[in-house]
Each structure stands twice: as C-alpha cells, then as structure tokens.
Amino acid sequence: MAAADELVFHEFEEATNLLAESPDAATTSKSDQVISPGHVAVAVGSGGSYGAEDEEEEGDKTALLQEEKPQPGFWTFSYYQRFFDVDTSQVLDRIKGSLLPRPGHNFVQHHLRNRPDLYGPFWICATLAFVLAVTGNLTLVLAQRRDPSIHYSPQFHKVTVAGITIYCYAWLVPLALWGFLRWRQGVRERMGPYSFLETVCVYGYSLFVFIPMVVLWLIPVPWLQWLFGALALALSTAGLVLTLWPVVREDTRLVAAALLSTVVLLHALLAMGSLFLPAIASRAGGASSPSDISDPAHTAAFHPGPVCGHPLGRAGLILQYHGEGAVRRPRPPKRPLPGDTSGCHLP
Amino acid sequence: MAEAAESPGDRETASPRPLFAGLSDISISQDIPIEGEITIPMRSRSREFDSSTLNESVQNTIMRDLKAVGKKFMHVLYPRKSNTLLRDWDLWGPLILCVTLALMLQRGSVDGDKDGGPQFAEVFVIVWFGAVTITLNSKLLGGNISFFQSLCVLGYCILPLTVAMLICRLVLLAEPGPVNFMVRLFVVVVMFAWSIAASTAFLADSQPPNRKALAVYPVFLFYFVISWMILTFTPQ
C-alpha cells in the first residue's frame, strides 16, 4: 500500500492544514489590495462582518470583473442595469442599516460595499411622496368628521407638489454635496470622496425613516407628533452625519462644521416641510374660496377652503381639534385684516 | 435546346475560344413555353388569410378584436397560470379601461379646480407613466418580459378596480354615511387584492427568484394609488 500512499494528493492535506491554522485567511484576499483607486479603500478589520464574508469577497471579485469589462455607454440599457443589481435581501439590509445608525458602522462601507443601487432611493422617494399625499388626505377626512363645516376634497395636486419636492431634495442635495466634497478633495489624504451614486444612496435610504413617521402623524395628539418628528429626524440625520464624518473629519474644522450643519438643516427643513405641506400646497394653488363660517350648518351653500390659509396648515388643524371642544363657533363675519389675504378668520 | 446541343459540338472542332463564350449563342426556342405555378402550401394559405381580412366586413374586424379583449378580461377576472395575456398582448383593453376610469373619476368643475380630484389627464398620466415605470423597473432588475407584454398585463389588471369604481358610483347614489363608506371601502379593498393577485400571477414568473419582491412592490404601490383615487372620489 505504499504505492497507494504515494498516489494520495498531498495538496489537500496542506490546504486543510493551512485553513485550520488561519480561518480568516479567506477574507484577506489579494483583491483587497488590488482595489482600483476609484473605490473607497477600506481597511477591513479581521473581525469585520461575520455573516457576510462571502458576500464581501464576491462583491470585491465582481467589482474587479466589472472594472475589467469595457464599460457600456450611457445610451445602452445595460449601463443602467448595473444600478439595479440588488436582491431583496440586500435592499432590506440597507434599509435596516439606515434605520439604526451605529457609530462604528459607516453606511457606505458597511452596507453598500461598492455596489450602490438606484432602486432604493427611487422607490423610497416615490413611496414617501404618495404616503405624504395620502396621509394629508386622511387628516382632512378625520378633521371633517369632527367639524362638518370643513369641506372635504381629495386635493390631488398635493401628490405633484410632494413628489417634486422630495425628488428634487433626494437628487439635487447629493449632487451639491458630492460636488463640494470633490472640490475639497485635495485637503483629504486618507479617504477619497464618495461617488455620486453612493451619496444618492445614502440620502435615499435615509429618507426611509420618514415613511412610518408620516403615517404615525395621523394620531391627533400634538406632543406625540412632535416626539415622532424629533425621533425620526434624529435617526435620519444621525445616519447622514455618521456616514459623512469620516470624509469630512480631515478637513478644517470650519468647513466640517459648516457642511454638517448644512446637511442637518436641510434635512430638518424637509421634515418640517412635509408637516406643513397642506398649507404650502393650498397657498401655491391659488386663493381659497371665501369662507363664511358664521353658521356651520351652511355646508351646502359655502365651501370654505380646507385649511383656510392657517399658517400651520395641518398641524394647526390638528392642534385646533385636539380635544372635544369645537373651535369654530358661529360668529359674524368681520372685515378682513390688512395682512390677511385668504379671507378666512381663525382665532 | 436543339441549337444548344449543337453548339458544344461546334466548339470542339473550332479553334479554342474562351470559356463560356458560346453561352450567348444559346437561345430558347419559342415553341417550348416555360410557365407554371410554384406554390408552397403554407404560403398560399397565409396569403388567402391576409386577403380575407382585407375583404371582410368592418363588423367582423371589430368583433374579432373585441372578442380578444373580452377573452383577456376573463383571464384577468379568473386568474390562472396561463400565457394568453403574455402571448397575444394588445393595448386596446388597457386603453378602454384607462379611459373609462378617467372619465368616471372626473368631477364637475364646480369646485376650485386646484382642490379637486384628479382630472382626466392626471389619471391618464398616472396610469400610463406608472405602468411604464414599473415595466422599466422590472426589466432593469433582470426580468425577461418584454416591454409591451408588461404594459398589457398591468393595464388589463386595472379591470377589477374599474369594476370597483362602477360599484362605488352606484353606492354613492344612496345617502352618505358611515355605512356607505364601509361598503365602498370593502369593495375597493377586495378589488385591490384581486388586481394584485392577478398581476402577480402573470408577472412574478418573469423575475429571478431572489428579486420577486422588488419587482412586485411597485405594482402594489401603483394599484394602491389607483385604489386611493377611487376611494376618495366624492361627486359634488
């Protein structure tokens, strides 16, 4: 049987010995060092990510392969197909990553792994626009139940306004941010800027937390609404700031502070804007019809505008109708005040 | 042919001439007509078919198309795993359904037109651009369904929601109240579920298995928006 022993493949033994010695050998693949400068050079610790080592390897390999193939032109369909190369589990994982930002984990490095996608940002923005319009409508319905003098109307143009605002935010702000970071690229040594798509991804997925927030805003309890708003805003901006911090850290303090505060401010503006959307939309749509709320029973003859130009819009409506007491009581119509153009008078 | 047979013989005895030089001397006798019919059975059959649809009456043409559309309606109402919608796609059905839905969703312009429901053009744009966006999305995710097949399926699956709209309009003729609303809500929810089930039965197979949810979610959003427009419709 000596001959049989000689016929045994000795390489397998060596390989198994090697693997037994260093179980992490597979993760520190050569591809990590050969990443082209276009990619973010990530110092992946050996502890790294446990369940997803294979994914990372594959991701690196496919990234390499993509680099080797000639890039298709932007007029071909396959150019855009690269941005939708995600699975359901990956999208869900990215959403979870944006919902629960952790200080050590950078969204781009940890979840995107050089494979940004456009599916998430696009459909999250679309969902948010429609959910905003639907909940705005629902708020009006609920308000009308308490006070039949409010005229209900579907207000379909809100969808257009909401959609345009959200899409502009989710695409123009990352563009500006990306441009700014590239401009300041010379100051940075360690880490290159994120690509445009990665920035769009970060913003798109960070908008996801607003969807449940807007739905929960239907509960007509004011302090709860402010609480939800603050919580969602905190989560969302924390995600953004934690992602941007490694890139901005090496810049001067002034620039870093200014950039981060601008980001936070814009995000807060979006959150507030969605709360006040009904007022903005009805103002933009033209003057509401003159309201004569002297008698709540006159619903057939007069159709007052739904929120009557109240500056706080829906929030004002909710705050007004909190509790059982109806705020609108019969009163004689007054002469319009000089600054009041809507013809609607509320206390 | 007699002359042709003779000329090679002539050429052998004569001085060597370039090859094929004598071919121009060959002439075809007038006595032997070459004519006839070359018919391939298949082609003649289709030629007959083509000419028959040109000559048929307009009623026949219209009825044939209507029957095709009606057959597809039946496939949508009782969704089975069948290929009819995908194989013989047409866009007549979606057009009829979309126009019907948009006409019914339109309200009079008594109200300020900024606060009203969707206008005809808005419904049209939402349905068609929504369908195009979903189709592009499913193709970008790697589905192997063609563009118009997907448009056809999405358009035909609006049928349950159009039926819901008809029922809602009838229900709204009765007195308004919470019962009215609950009935309409129930009808719209049932038809919404039916639409999604029907379109998923046709579309889900064309996607790779680990991306089915990604492709179905936009369909859900699309029909949800249409259901919302139907549910919030209030005639004034």
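Model, not experiment: these values are computed from the prediction. By convention in this document, chain letters (A, B, ...) are assigned in the order of the sequence lines, proteins followed by strands, and residues within each chain are numbered from 1.
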Residue A/Tyr119 versus chain B: region with a heavy atom under 4.5 Å: side chain
Side-chain H-bond candidate by donor/acceptor type, A/Asp117 with A/Tyr205, under 3.5 Å: yes
Pi-cation contact, A/Phe84 with A/Arg82 (under 6.0 Å, within 45°): no
Any donor-acceptor pair under 3.5 Å from A/Tyr203 side chain to A/Trp171 backbone: no
Region of B/Leu221 that comes under 4.5 Å of a non-hydrogen atom in chain A: side chain
Which portion of A/Phe83 sits near chain B, non-hydrogen atoms under 4.5 angstrom: neither
Aromatic ring pairing B/Phe148/B/Trp89, orientation class (parallel under 30°, perpendicular over 60°, tilted between): parallel
Residue part contacting chain B, namely of A/Val159, when any heavy atom lies under 4.5 Å: neither
Per-residue contact mode, A/Val134 against chain B (heavy atom under 4.5 angstrom): both
Salt-bridge present (A/Asp87, B/Lys212; N to O < 4.0 Å): no
